[in-house]
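For reference, the structure discussed in these notes is given below.
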Amino acid sequence: MKKLLSIVVPCYNEEVAAPIFYKTVHDMESQIGDVDIEFLFVDDGSKDGTLNVLKELHAQEERVHYVSFSRNFGKEAGIFAGLEKAHGDYVVIMDVDLQDPPALLPEMLDYLESGEYECVATRRVDRKGEPPIRSFFARQFYKIMNKISSADIVDGARDYQMMTRKVVDAILSMGEYNRFSKGIFGWVGFRRKWIEFENVERVAGETKWSFWKLFVYAIDGIVAFSTAPLTMASVFGSIMCLTAFLFIIVIIVRTLIFGDPTNGWPSMVCIILLVSGIQLLCLGIQGQYLAKTYLESKKRPIYIVQEEE
Ligand code: UDP
Ligand code: MG
């Protein structure tokens, strides 16, 4: 019997891109390999006609399925839902805007079928067409993340990856509410093959990621996969204590030798500002972890389905 490949596609306001995506993959299907294919579109609470477009595609072809969320839950929730609903022996996650080139699918499938790898991931080698400031911060994020986290998070890695059932089940077994897929994929391990490609620009529509959204996403990623900031808070604290202790000695000695002339107020104000700033920063860091723990402890569902077919 032929194996089944599930293509999971999260979509948010993608009424223009979705049909183009479907047609492109459909047209090159025979080259992908000797597998049956199912499409699983996840409509992440789109406000445009995406759901209708998906319904039309489903009406045309039975192997096109869709899940529609009751509101926008974010791409991570979309990926999770797609992986949960996928039946395939192999599952691949793709963006609907064709920034994940379907031309790589045959190669990815080959690697999995050879049995040598359980997972084939992709990364962009450049960030062509992206604002330079965004690229700069993205690079810094990956640099820091790799220093402070044990999950192997690769610069330029896309969510575009094909994996075997074993890997999908491992990812689904991580039922955390704060989902940071780039971290989760690395965390589960397995033999991974990396394929590189050059950045492709969006086929239609606009990116859903503003700078601010990306910034929050980066913070979420760090909090989800590293506790280093918490350690940093203790280190800061210790350094400040030590410095204060040295200062006390210096001041006592100085007073004993030179008496006690009242000066040094400006420096005092600076020190108070610095120390209270650091205290607030550390409190904020702890707050981040507490907030995430709070959200996890509520055990809310990762997504809510409005309709599916
Ligand atoms: N997406 C989603 N939910 C969201 C935001 C985005 O499902 O809240 C989907 C979107 O439709 C697309 C993919 O995630 O298929 C990547 O989004 P986008 O192209 O906007 O991101 P970029 O490629 O600019 O990083
Ligand atoms: Mg995109």
Side-chain angles (χ1 to χ4, degrees), residues 6-25 39-54 57 64-86 91-102 104 121-139 141-142 153-161 178-182 185 197-218 220-221 302-308:
S6 306
I7 304 185
V8 168
V9 197
C11 311
Y12 178 51
N13 294 345
E14 304 278 11
E15 59 181 0
V16 187
I20 305 177
F21 172 85
Y22 180 71
K23 188 173 179 312
T24 312
V25 179
F39 288 84
L40 228 159
F41 290 92
V42 182
D43 165 35
D44 185 10
S46 300
K47 294 182 181 71
D48 65 356
T50 305
L51 181 58
N52 290 334
V53 168
L54 298 182
L57 288 176
V64 177
H65 301 276
Y66 62 83
V67 186
S68 176
F69 290 173
S70 58
R71 65 168 171 86
N72 180 245
F73 279 88
K75 185 182 179 189
E76 299 292 342
I79 292 178
F80 185 74
L83 293 181
E84 256 189 350
K85 308 276 175 192
V91 180
V92 62
I93 302 164
M94 295 178 85
D95 282 4
V96 74
D97 56 11
L98 289 174
Q99 279 190 303
D100 296 333
L104 298 179
T122 58
R123 64 181 282 260
R124 300 185 292 185
V125 284
D126 63 345
R127 292 175 166 270
K128 215 169 46 204
E130 198 184 69
I133 182 121
R134 186 167 151 176
S135 306
F136 172 77
F137 280 107
R139 256 188 223 112
F141 166 73
Y142 286 108
I153 296 167
V154 178
D155 187 3
R158 304 279 304 170
D159 292 327
Y160 182 24
Q161 68 169 2
N178 296 292
R179 301 193 73 77
F180 182 69
S181 287
K182 287 186 195 347
F185 294 161
F197 68 95
E198 282 187 12
N199 195 25
V200 188
E201 299 209 16
R202 212 170 214 289
V203 62
E206 275 174 10
T207 175
K208 309 294 177 302
W209 294 89
S210 61
F211 188 81
W212 176 247
K213 250 180 144 180
L214 277 175
F215 180 73
V216 173
Y217 180 65
D220 281 351
I302 295 170
Y303 61 90
I304 293 172
V305 175
Q306 173 174 288
E307 246 183 276
E308 65 183 306

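All ligand and atom numbering here is 1-based and tracks the order in the structure.
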Between Thr50 and Ser46 (side chain of the first, backbone of the second, donor and acceptor by atom type, cut-off under 3.5 Å), is there such a pair?
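No, because the side chain of Thr50 does not come within donor-acceptor range (under 3.5 Å) of the backbone of Ser46.
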Proximity of [X] to ligand 1 by residue part, where a heavy atom lies under 4.0 Å:
| X | value |
| --- | --- |
| Asp44 | side chain |
| Lys75 | both |
| Val9 | neither |

Angle class for the Phe73/Phe69 ring planes (parallel below 30°, perpendicular above 60°, tilted otherwise)?
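Perpendicular: the ring planes of Phe73 and Phe69 meet at over 60°.
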Proximal heteroatom of Asp97 relative to the Mg ion (ligand 2) (N/O/S)
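Of all N, O or S atoms in Asp97, the Mg ion (ligand 2) lies closest to OD2.
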Kindly determine whether Tyr217 and Phe180 satisfy ring pair (Phe, Tyr, Trp, His ring centres under 6.0 Å), including the steps that lead there.
CA-CA 8 Å; Tyr217 180 65; Phe180 182 69; 5.1 Å; yes
What residue and atom, counting heavy atoms only, is the protein's closest point to [atom], and at what distance?
| atom | result |
| --- | --- |
| atom 6 (C) of ligand 1 | Lys208 CG, 3.7 Å |
| atom 8 (O) of ligand 1 | Asn72 ND2, 3.1 Å |
| atom 16 (C) of ligand 1 | Asp95 OD2, 3.2 Å |
| atom 24 (O) of ligand 1 | Thr207 OG1, 2.6 Å |
| atom 18 (P) of ligand 1 | Arg202 NH2, 3.5 Å |
| atom 7 (O) of ligand 1 | Pro10 CB, 3.4 Å |
| atom 12 (C) of ligand 1 | Glu14 OE2, 3.6 Å |

Within this structure, what is the CE-CZ distance for the pair Met94 and Phe39, rounded to the nearest 0.5 Å?
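Going from the CE atom of Met94 to the CZ atom of Phe39 covers 8.5 Å.
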Separation between CD1 of Ile79 and CD1 of Ile93, rounded to the nearest 0.5 Å
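Reported to 0.5 Å precision, the distance equals 5.0 Å.
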Quick test of your reading of the structure: of [options], whose heavy atom lies closest to [atom]?
| atom | options | answer |
| --- | --- | --- |
| atom 19 (O) of ligand 1 | Ile93, Asp97, Asp43 | Asp97 |
| atom 21 (O) of ligand 1 | Phe73, Phe21, Trp209 | Trp209 |
| atom 2 (C) of ligand 1 | Tyr12, Tyr217, Phe41, Tyr160 | Tyr12 |

Salt-bridge criterion met for [X] and [Y] (N-O under 4.0 Å):
| X | Y | value |
| --- | --- | --- |
| Glu198 | Arg124 | no |
| Lys182 | Asp159 | yes |
| Asp95 | Arg158 | yes |

Which atoms from ligand 1 have a heavy atom of Val96 less than 4.0 Å away?
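Listed by number with element, the hits are 15 (O).
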Atoms of ligand 1, numbered as shown, that sit under 4.0 Å from any heavy atom of Gly74:
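This gives 3 (N), 8 (O) as the contact atoms.
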Can you find a non-hydrogen atom of Gly78 under 4.0 Å from ligand 1?
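Not so, Gly78 does not reach ligand 1.
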Just wondering, more than 12 heavy atoms not from Lys213 lying within 6.0 Å of its NZ?
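Above 12, so yes.
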Kindly check if the number of other-residue, nucleotide or ligand heavy atoms within 6.0 Å of CZ (Phe211) is above 12?
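For Phe211, atom CZ is crowded (more than 12 foreign heavy atoms under 6.0 Å).
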Any N/O pair Gln99/ligand 1 closer than 3.5 Å:
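Checking ligand 1 against Gln99, an N or O pair does fall under 3.5 Å apart.
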Take Glu76 and Tyr303, measure what side chain to side chain donor-acceptor pair (under 3.5 Å) needs, and give me the verdict at the end.
CA-CA 10 Å; Glu76 299 292 342; Tyr303 61 90; over 6 Å; no
